[in-house]
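Worth knowing before you read on, the calculation uses all heavy atoms, side chains too, and leaves out hydrogens, waters and symmetry mates.
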Amino acid sequence: MALHWIMAALIVWNLASMMLTPQAWARTLLPTHMAVGLTVLLLSLVRLLWRLTHRWPPLPATIPLWERRLARGSHALFYVLMLAVPLSGWLMVSASSGRAVNWFGVASIPPLPVASSRYAVAAFYEMHEIGATLMAGLLLLHVAGALRHSLPDGGTPLLLRMLPRRSAYQKKS
Ligand code: HEM
Ligand code: HEM
């Protein structure tokens with residue numbers, strides 16, 4: 001749960017700071033964007049490890065099967081994108097400048113060993129942009145799904161399952 005909410009805040013910040021701000025702001029925010037993105041990459045590895053070693057809490061049977069499948073499919077796609085989007089960003093910067101990324105002024109993250117080429121930069125940029133756009137679309141679907149079930153007459157307050165001290169509800173569902 002902690003990883004989910006911390007990472008959600010970081011990813012939403014990275015998406016919003018690049019997609020919803022004027023270009024001049026986005027440029028100024030780029031160093032923070034890269035540092036936040038590399039943090040997301042590290043946390044994604046920890047989260048993936050957790051996911052592979054802990055059972056996925058089953059979704060309540062009150063939710064129709066097709067919705068449970070859609071939810072699980074989108075969660076799995078999130079895992080792919082949580083790794084692929086920051087990785088493609090890091091590859092893009094490595095192939096472009098070959099410079100280390102400054103991590104909030106406390107560490108210098110070396111570039112990935114990729115050859116510097118215009119074509120590589122363009123390909124990684126496309127991957128980064130398409131991946132991030134997919135992520136933003138998936139986020140809208142995800143939030144709509146969570147809210148649909150959590151609103152007063154939605155039947156299954158999924159949001160409560162993602163808050164601590166709600167184990168009683170978790171056990172019932
Ligand atoms: C959660 C992770 C990340 C998300 C959601 C994300 C999302 C985005 C988005 C939406 C854009 C705007 C794309 C466009 O021009 O339409 C962007 C641009 C960019 N990202 Fe990321 N990013 C992430 C991580 C990273 C990382 C780790 C790096 C590098 C270390 C990075 C480097 C860049 C750069 C350099 C640009 C600007 C490209 C340009 O317009 O010249 N990003 N990112
Ligand atoms: C980009 C940001 C987000 C990502 C990448 C993300 C990803 C995920 C993933 C992968 C899961 C499955 C559980 C896991 O393995 O961790 C999950 C569950 C969940 N998410 Fe998000 N999430 C994001 C933002 C949000 C937001 C903003 C909300 C609030 C409306 C939300 C509400 C939930 C809920 C309620 C569940 C639990 C579903 C269940 O009961 O099993 N998420 N999320």
Side-chain angles (χ1 to χ4, degrees), residues 1-54 56 66-148 158 162:
M1 282 178 208
L3 272 176
H4 175 272
W5 293 116
I6 292 167
M7 290 183 64
L10 297 178
I11 294 172
V12 168
W13 165 264
N14 257 14
L15 288 172
S17 63
M18 289 293 128
M19 288 175 150
L20 305 179
T21 54
Q23 221 177 10
W25 290 19
R27 291 240 151 258
T28 318
L29 291 170
L30 207 50
T32 314
H33 175 84
M34 294 193 280
V36 167
L38 288 181
T39 312
V40 168
L41 181 59
L42 178 69
L43 294 179
S44 300
L45 292 172
V46 175
R47 188 162 168 188
L48 184 65
L49 208 68
W50 175 278
R51 188 43 65 232
L52 293 175
T53 51
H54 294 75
W56 225 322
W66 72 267
E67 276 191 58
R68 277 182 275 154
R69 285 195 176 145
L70 184 66
R72 277 296 170 253
S74 58
H75 293 164
L77 186 55
F78 260 144
Y79 276 90
V80 174
L81 293 171
M82 284 188 294
L83 292 166
V85 172
L87 194 59
S88 58
W90 192 9
L91 283 165
M92 167 177 44
V93 172
S94 306
S96 154
S97 66
R99 269 194 257 138
V101 176
N102 181 337
W103 192 79
F104 301 113
V106 289
S108 183
I109 315 292
L112 291 167
V114 279
S116 174
S117 106
R118 214 152 42 93
Y119 301 106
V121 175
F124 293 134
Y125 173 75
E126 283 305 317
M127 278 183 215
H128 196 59
E129 191 182 30
I130 293 170
T133 309
L134 256 177
M135 206 173 200
L138 203 60
L139 177 61
L140 293 182
L141 180 74
H142 184 66
V143 171
L147 293 184
R148 176 183 125 49
L158 287 183
M162 288 303 271

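- Counting only residues at least two apart or on different chains, the ring pair (Phe, Tyr, Trp, His ring centres under 6.0 Å) pairs with a member in residues 115-148 are H75-H142, F78-H142.
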- Does the side-chain contact (heavy atoms from CB on, under 4.5 Å) test come out yes or no for V85 and L134, once each step is laid out? CA-CA 10 Å; V85 172; L134 256 177; over 6 Å; no

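- Around atom CZ of R69, no more than 12 heavy atoms belonging to other residues, nucleotides or ligands sit under 6.0 Å away.
- With sequence neighbours excluded, the residues forming a side chain to side chain donor-acceptor pair (under 3.5 Å) with W103 are T39, listed by chain and number.
- Applying the side chain to side chain donor-acceptor pair (under 3.5 Å) rule to S17 yields no partners; only residues at least two apart in sequence or on another chain are considered.
- The backbone N or O of V101 lies less than 3.5 Å from no partner atom in the side chain of W90, so there is not a single donor-acceptor pair.
- Between I11 and V36 the shortest side-chain heavy-atom distance does not fall below 4.5 Å.
- The shortest non-hydrogen separation linking W56 to A76 is CH2-N, 4.1 Å.
- Atom CZ of R68 has more than 12 heavy atoms from other residues, nucleotides or ligands within 6.0 Å.
- In this structure, P110 and A100 approach most closely via the heavy-atom pair CA-CB, 4.1 Å.
- Taking all atoms of both residues into account, the shortest heavy-atom contact from S116 to S96 is OG-O, 4.0 Å.
- With rounding to the nearest 0.5 angstrom, the CG atom of L15 is 8.5 Å from the CG atom of L20.
- Residues satisfying the salt bridge (Lys or Arg N to Asp or Glu O under 4.0 Å) test with E67, not counting sequence neighbours, are R148.
- Put simply, the side chain of T133 reaches to within 4.5 Å of the side chain of M19, judged on heavy atoms.
- For R51, the side chain to side chain donor-acceptor pair (under 3.5 Å) partners two or more places apart in sequence, or in a different chain, are Y79.
- Residue G131 comes nearest to L81 through the heavy atom pair O-CD2, 3.9 Å, listed as atom of the first residue, atom of the second, then distance.
- Taking every heavy atom of both residues into account, V40 and P86 meet most closely at CG1-CG, 4.3 Å.
- Screening residues 26-51 for ring pair (Phe, Tyr, Trp, His ring centres under 6.0 Å), with sequence neighbours left out, gives W50-H54.
- Between atom NE2 of residue H4 and atom CE of residue M1 there is a gap of 10.5 Å, rounded to the nearest 0.5 Å.
- Taking CE from M34 and CG from L41, the interatomic distance works out to 14.0 Å, rounded to the nearest 0.5 Å.
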- Pair L77-M135, side-chain contact (heavy atoms from CB on, under 4.5 Å): steps then yes or no: CA-CA 9 Å; L77 186 55; M135 206 173 200; over 6 Å; no

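- Between the CG atom of L10 and the CG atom of L3 there is a distance of 10.5 Å, given to the nearest 0.5 Å.
- The main-chain N or O of M82 is found under 3.5 Å from a side-chain atom of S44 such that the two form a donor-acceptor pair.
- Rounded to the nearest 0.5 angstrom, L38 CG and L42 CG are separated by 9.0 Å.
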